[in-house]
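Counting starts at 1 for both ligands and their atoms, following the listed order.
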Amino acid sequence: MKTMALILAAGKGTRMKSHKSKLVHEIYGKTLIERVVDTAEKASIDDIIAIVGYKKEEVIAVLKDRVKYAYQEEMLGTGHAVMQAKEYLQNKEGKVIILSGDVPLLRSETIVALLNESENDATILTAIYDNPYGYGRIVRDNNGYVEDIIEEKDASESEKAIQEINSGIYVFDIQNLLEALTEITPNNNQNEYYLTSVIKIMHDKGLKIGTITVGDNTEILGVNDKTQLEYLTSILKRRINNMHMQNGVIIEDANNTYIYDDVEIGADTVIHPNTTIKSGVKIGENCNIGPNAYIREKCELADNVKIGSFTEIKNAKIGENTKVPHLSYIGDTVIGKNTNIGCGTITCNYDGINKHETIIGDDCFIGSNVNFVAPVKVGSHVTVGAGSTITEDIPDDTLAIARERQTNKQKRLTK
Ligand code: UD1
Ligand code: CA
């Protein structure tokens with residue numbers, strides 16, 4: 001049976017103090033809303049509908065046709081938001097999962113677990129918090145099924161003491177949800193149409209509402225202000241670093257190592273502090289990276305490569321045992337095996353209009369402070385003299401020197 005996801009993405013996000021929609025803020029190189037859509041896609045959801053409102057054009061510009069859109073013109077509550085997607089839900093059978101556009105760390109495995117829960121008519125993702133302040137509380141009946149969710153602002157003292165909270169993520173049967181939504185009212189302390197009101201309505205009809213308690217509470221954290229944006233970024237960074245360490249990568253200081261999504265790193269590669277590795281980069285085994293290295297997009301490093309301190313590389317393919325140990329910029333470049341790139345070597349890849357390629361062969365020794373003015377091709381077994389500015393191709397087995405000869409002159413003495 002087909003599955004559907006509704007992403008609540010209409011809210012204003014006032015506390016972000018931003019001119020942009022909260023949902024198009026990037027968290028670790030990707031917008032919040034894209035992370036939520038990525039997760040839904042990874043969980044193999046068939047139909048994804050974003051309910052947009054505030055600054056909707058910005059959200060649509062990011063998501064384009066990856067999702068379908070429903071529009072909420074007025075912020076009348078989460079239940080009202082879901083009702084705006086009615087046209088997509090009508091005449092559909094199966095399950096719908098409700099997600100929030102500002103909850104970017106949810107794992108696709110959690111979505112799959114919620115969708116696979118088949119004992120209940122609806123399933124709520126909950127968490128246990130020491131301090132549940134601000135969240136909807138989960139109220140259970142004598143059989144242990146959920147009978148209601150009570151919002152902080154509507155809760156009695158005894159309800160406020162409940163530590164099990166509603167994450168705002170749920171799976172419903174589509175037709176049960178549509179039916180319950182027709183019965184919700186804004187009779188509560190916020191005068192909103194709460195989505196959470198459908199729980200009591202369903203329970204009163206005899207439907208069974210169960211829960212899955214999230215194993216990792218960080219999955220359900222939302223971003224409401226820029227402090228939380230930074231906090232969630234640090235969690236995401238940790239999560240990615242931990243995954244690489246579990247795969248055999250050595251990270252000296254995981255608090256100060258920034259590895260973006262979808263990076264591949266081989267076992268026993270060491271990452272020294274303050275290194276940034278951008279999305280999609282591939283690094284082999286036994287490499288040595290950093291400190292303070294910046295490995296940008298489209299880089300591929302073979303095994304035993306060294307990229308040392310204060311070196312930036314971009315769109316570079318670097319062969320086995322090659323070293324770029326200090327203070328270099330290597331861009332739009334292919335380097336072969338066993339080559340040593342001297343300190344301060346720069347590929348001059350940009351002429352102000354176009355980018356050009358530098359190709360360097362195997363077993364080369366490039367002296368310090370060499371500039372390669374691209375496009376330029378260097379053969380194998382080449383030595384380049386320190387301080388050279390290379391503007392012409394260099395054949396195999398040659399020594400190239402391109403710098404002015406030194407002259408020592410008599411100093412003019414004054415006084
Ligand atoms: C909601 C839940 C609460 C839960 C909490 C988890 C309700 C009534 N309460 O509360 O039980 O513990 O989430 O974080 O649902 N939104 C719209 N349109 C609206 C209102 C909200 O799109 O009219 C969006 C918001 O932008 C946000 C999400 O829905 O992404 C949740 O709304 P919010 O107002 O933050 O709900 P809470 O009061 O936190
Ligand atoms: Ca230089």
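- Heavy-atom neighbours of Lys92 NZ from other residues, nucleotides or ligands within 6.0 Å: above the threshold of 12.
- Considering both main-chain and side-chain atoms, Ile51 never comes within under 3.5 Å of ligand 1 through any nitrogen or oxygen pair.
- Which parts of ligand 1 touch Thr78 is read off a 4.0 Å heavy-atom cut-off, strictly below it: atoms 7 (C), 8 (C), 15 (O), 20 (C), 21 (C), 29 (O), 31 (C), 32 (O).
- With a 4.5 Å cut-off on side-chain heavy atoms, Ile97 and Met4 do not count as touching.
- Remark: atom 18 (N) of ligand 1 lies closer than 4.0 Å to at least one protein heavy atom.
- Distance remark: protein heavy atom present below 4.0 angstrom from atom 9 (N) of ligand 1.
- With a 4.0 Å cut-off on non-hydrogen atoms, Asp102 touches ligand 1 through its side chain and not its backbone.
- Side-chain N/O atoms of Arg140 and Thr211 include a donor and acceptor closer than 3.5 Å.
- Distance remark: protein heavy atom not present below 4.0 angstrom from atom 39 (O) of ligand 1.
- For ligand 1, the atoms closer than 4.0 angstrom to any heavy atom of Tyr194 are 8 (C).
- Every atom of ligand 1 is numbered from 1 in the order shown, and the set under 4.0 Å from a heavy atom of Gly136 is 3 (C), 4 (C), 11 (O), 12 (O).
- Summarising the local packing, CG of Asn354 is surrounded by more than 12 heavy atoms from other residues, nucleotides or ligands at distances under 6.0 Å.
- Heavy atoms of other residues, nucleotides or ligands lying less than 6.0 angstrom from NZ of Lys160 number more than 12.
- Crowding of Tyr329 atom OH: a count of heavy atoms from other residues, nucleotides or ligands under 6.0 Å exceeding 12.
- In summary, the side chains of Asn338 and Asn321 do present a donor paired with an acceptor at a separation below 3.5 Å, with no hydrogens or angles considered.
- Distance check for atom 35 (O) of ligand 1: every protein heavy atom is found at 4.0 Å or beyond.
- By the 4.5 Å heavy-atom criterion applied to side chains, Tyr170 and Val198 are not counted as neighbours.
- Residue Gln72 places a heavy atom less than 4.0 Å from ligand 1.
- Looking at Asp261 and Arg35, their side chains come closer than 4.5 Å, going by heavy atoms from C-beta outward.
- Asn166 O, 4.0 Å is the protein heavy atom nearest to atom 5 (C) of ligand 1.
- Proximity of Glu151 to ligand 1, defined as any heavy-atom pair under 4.0 Å, is confined to the side chain (atoms from C-beta onward).
- Protein heavy atoms are found less than 4.0 angstrom from atom 22 (O) of ligand 1.
- Of all protein heavy atoms, the one closest to atom 28 (C) of ligand 1 is Ser100 OG, 3.7 Å.
- Of the residues Asn369, Thr311, Ile313, the one that meets the side chain to side chain contact (heavy atoms under 4.5 Å, CB included) test with Ser328 is Thr311.
- Within the 4.0 Å heavy-atom criterion, both parts of Ala10, backbone and side chain, lie near ligand 1.
- What sits closest to atom 13 (O) of ligand 1 on the protein, heavy atoms only, is Gly168 CA, 4.5 Å.
- With a 6.0 Å radius and a threshold of 12 heavy atoms from other residues, nucleotides or ligands, Glu57 has its CD atom above the threshold.
- At a heavy-atom distance under 4.0 Å, no atom of Glu192 approaches ligand 1.
- Remark: ligand 1 atoms within the under-4.0 Å shell around heavy atoms of Gly11 are 17 (C), 22 (O), 26 (O).
- Considering every non-hydrogen atom in both Ile251 and Asn241, the closest pair reads CD1-O, 3.8 Å.
- In Ile165, neither the side chain nor the backbone holds a heavy atom less than 4.0 Å from any atom of ligand 1.
- Residue contact check: Ala81 has heavy atoms under 4.0 Å from atoms 18 (N) of ligand 1.
- Between Ser167 and ligand 1 there is a heavy-atom distance shorter than 4.0 Å.
- Residue Leu8 holds the heavy atom nearest to atom 29 (O) of ligand 1 of all those in Leu8, Leu6, Ile124.
- Atom NZ of Lys30 is surrounded by more than 12 heavy atoms from other residues, nucleotides or ligands within 6.0 Å.
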